[in-house]
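Residue indices begin at 1 and follow the sequence shown.
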Amino acid sequence: MAVGPNSFPEEDNELLHTALFKQVSPQQANELIPHLHKAVFGKGDYIFREGDTDHRMYLLERGRVKLIREAKDKRVQLLSIHAHGELLGEIPVFDPNGGPRTASAVSMTSGTQVAWLEHDALFAWLNEHPSVAIDMLQVLANRMRGNNERICDLVFMDVPARLAKMLLNLGARFGEPVEAGLLVPHDLTQEELAQLVGSSRETVNKALMDFANRHWIAREGRSIIIYQPGMLIRRSQR
């Protein structure tokens with residue numbers, strides 16, 4: 001992990017484009033920027049660990065991060081993937097007891113850049129600009145809505161439908177248009193793909209093979225090319 005000084009030139013400050021700062025004026029942001037700390041992580045580095053009791057909230061400026069939980073027998077469960085502009089680890093900031101953290105955050109890419117803010121600095125700033133708290137609540141509400149939707153998907157949708165929906169979500173967030181279709185470089189192992197869908201690796205691989213045989217997608221290493229997003233949409237709604 002490389003930690004840099006609290007230097008955020010306004011003209012190239014990625015922080016101003018994150019969800020938290022969506023409705024914040026440059027003047028308001030400048031009041032908070034001196035309290036932000038910035039760090040760069042290599043692929044596989046831990047940004048924070050499950051069980052930590054710090055009071056920090058993280059903002060992902062560059063790269064991708066996965067949230068995981070680890071069982072006592074060392075099994076790992078992938079919970080979610082986060083990208084540019086998203087909040088990380090916000091729960092302990094709003095917990096009077098300061099934690100513990102319920103998951104670990106691991107960098108998925110080299111040069112992942114985050115900024116973090118301590119509880120006291122954040123709340124002092126919010127006291128000066130209470131309207132910003134509404135934007136923050138909207139960000140947190142969207143996170144809760146997504147979690148509730150995922151729970152419903154696990155209950156009501158079969159594995160191919162959940163897989164189709166997950167591929168569409170990854171495509172919308174990380175997809176790159178190419179001549180053949182939409183290239184989705186997910187950088188996930190087969191086991192991690194299965195964990196995101198909430199199923200076994202064998203079941204997910206069977207569904208992927210079926211999608212490929214129907215020419216909806218093609219698999220290329222840790223990337224997928226989506227040929228027919230309409231068919232995936234239809235399958236996700238069955």
Side-chain angles (χ1 to χ4, degrees), residues 14 17-19 22 41 43-44 60-69 76-88 103 105-113 139 141-238:
E14 292 292 331
H17 303 290
T18 62
K22 183 172 56 177
F41 295 84
K43 185 176 181 178
L60 180 52
E61 295 185 286
R62 188 178 301 122
R64 272 183 277 174
V65 171
K66 60 184 178 182
L67 293 184
I68 64 171
R69 294 198 68 168
V76 176
Q77 175 67 43
L78 174 61
L79 302 177
S80 56
I81 298 173
H82 298 270
H84 162 77
E86 296 186 20
L87 296 177
L88 294 171
V106 182
S107 171
M108 297 178 65
T109 55
S110 297
T112 293
Q113 182 172 298
V139 172
N142 287 335
R143 182 78 57 84
M144 292 180 62
R145 184 179 293 111
N147 289 338
N148 289 339
E149 184 175 345
R150 186 179 182 193
I151 292 171
C152 289
D153 290 347
L154 289 171
V155 174
F156 298 117
M157 297 172 68
D158 62 12
V159 172
R162 298 202 302 269
L163 177 62
K165 186 173 182 178
M166 185 267 287
L167 293 177
L168 290 167
N169 178 267
L170 292 176
R173 299 172 69 194
F174 310 121
E176 304 169 4
V178 295
E179 184 175 352
L182 188 67
L183 176 64
V184 186
H186 54 75
D187 197 32
L188 298 171
T189 66
Q190 293 181 351
E191 186 66 30
E192 287 175 327
L193 279 173
Q195 290 171 2
L196 273 182
V197 175
S199 185
S200 68
R201 184 175 62 181
E202 292 76 16
T203 302
V204 169
N205 279 339
K206 182 179 178 180
L208 284 171
M209 289 179 60
D210 179 58
F211 291 174
N213 290 337
R214 295 173 184 270
H215 304 290
W216 298 353
I217 68 167
R219 303 167 71 179
E220 294 187 359
R222 293 193 178 183
S223 296
I224 288 175
I225 298 178
I226 297 178
Y227 295 140
Q228 299 190 48
M231 299 306 297
L232 292 179
I233 293 172
R234 181 179 299 179
R235 186 60 184 87
S236 70
Q237 296 172 344
R238 283 171 50 185

Taking Gln195 for the side chain and Val76 for the main chain, is one N or O donor matched with an acceptor at less than 3.5 Å?
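Checking the backbone N and O of Val76 against the side chain of Gln195, a donor-acceptor pair under 3.5 Å is found.
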Can any side-chain N or O of His84 pair as donor or acceptor with the backbone N or O of Arg62 at less than 3.5 Å?
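Flag not set: sc His84 to bb Arg62 has no pair under 3.5 Å.
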Search all heavy atoms of [X] against all heavy atoms of [Y] and return the closest pair with its distance.
| X | Y | value |
| --- | --- | --- |
| Leu188 | Met108 | CD2-CE, 3.7 Å |
| Leu79 | Arg69 | CD1-CG, 3.4 Å |
| Pro160 | Arg235 | CB-NH2, 3.3 Å |
| Val184 | Gly171 | CG2-CA, 3.7 Å |
| Ile81 | Arg173 | O-NH2, 2.7 Å |
| Ser199 | Val204 | CB-CG2, 4.0 Å |

When rounded to the nearest 0.5 angstrom, what distance separates [atom1] in [X] from [atom2] in [Y]?
| X | Y | atom1 | atom2 | result |
| --- | --- | --- | --- | --- |
| Leu163 | Leu193 | CG | CG | 7.5 Å |
| Leu182 | Leu168 | CG | CG | 9.5 Å |
| Asp153 | Ser236 | CG | OG | 9.0 Å |

Any side-chain heavy-atom pair from [X] and [Y] closer than 4.5 angstrom?
| X | Y | answer |
| --- | --- | --- |
| Leu167 | Phe211 | yes |
| Leu154 | Arg162 | yes |
| His186 | Met166 | no |
| Thr112 | Leu60 | yes |

Less than 6.0 angstrom from the centroid, inside 45 degrees of the normal: does Arg64 satisfy that with respect to the ring of Phe174?
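Checked: cation-pi criterion met.
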Filter on salt bridge (charged side-chain N to carboxylate O under 4.0 Å, His left out), then keep only pairs touching residues 198-218, sequence neighbours left out; what's left?
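Passing the test, one end in residues 198-218: Asp210-Arg214.
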For Asn147 and Arg150, does a side-chain donor sit closer than 3.5 Å to a side-chain acceptor?
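No.
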If the condition is side-chain hydrogen bond (donor to acceptor under 3.5 Å, both in side chains), which residues does Ser110 pass it with, not counting sequence neighbours?
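Result, side-chain hydrogen bond (donor to acceptor under 3.5 Å, both in side chains) vs Ser110: none returned.
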Pair up each side-chain donor or acceptor in residues 217-231 with any protein partner under 3.5 Å, not counting sequence neighbours, and list the distances.
residue	atom	partner	partner atom	Å
Arg219	NH2	Asn205	OD1	3.3
Gln228	NE2	His215	O	3.3

Pair Asn148-Arg145, side chain to side chain donor-acceptor pair (under 3.5 Å): steps then yes or no
CA-CA 5 Å; Asn148 289 339; Arg145 184 179 293 111; over 6 Å; no
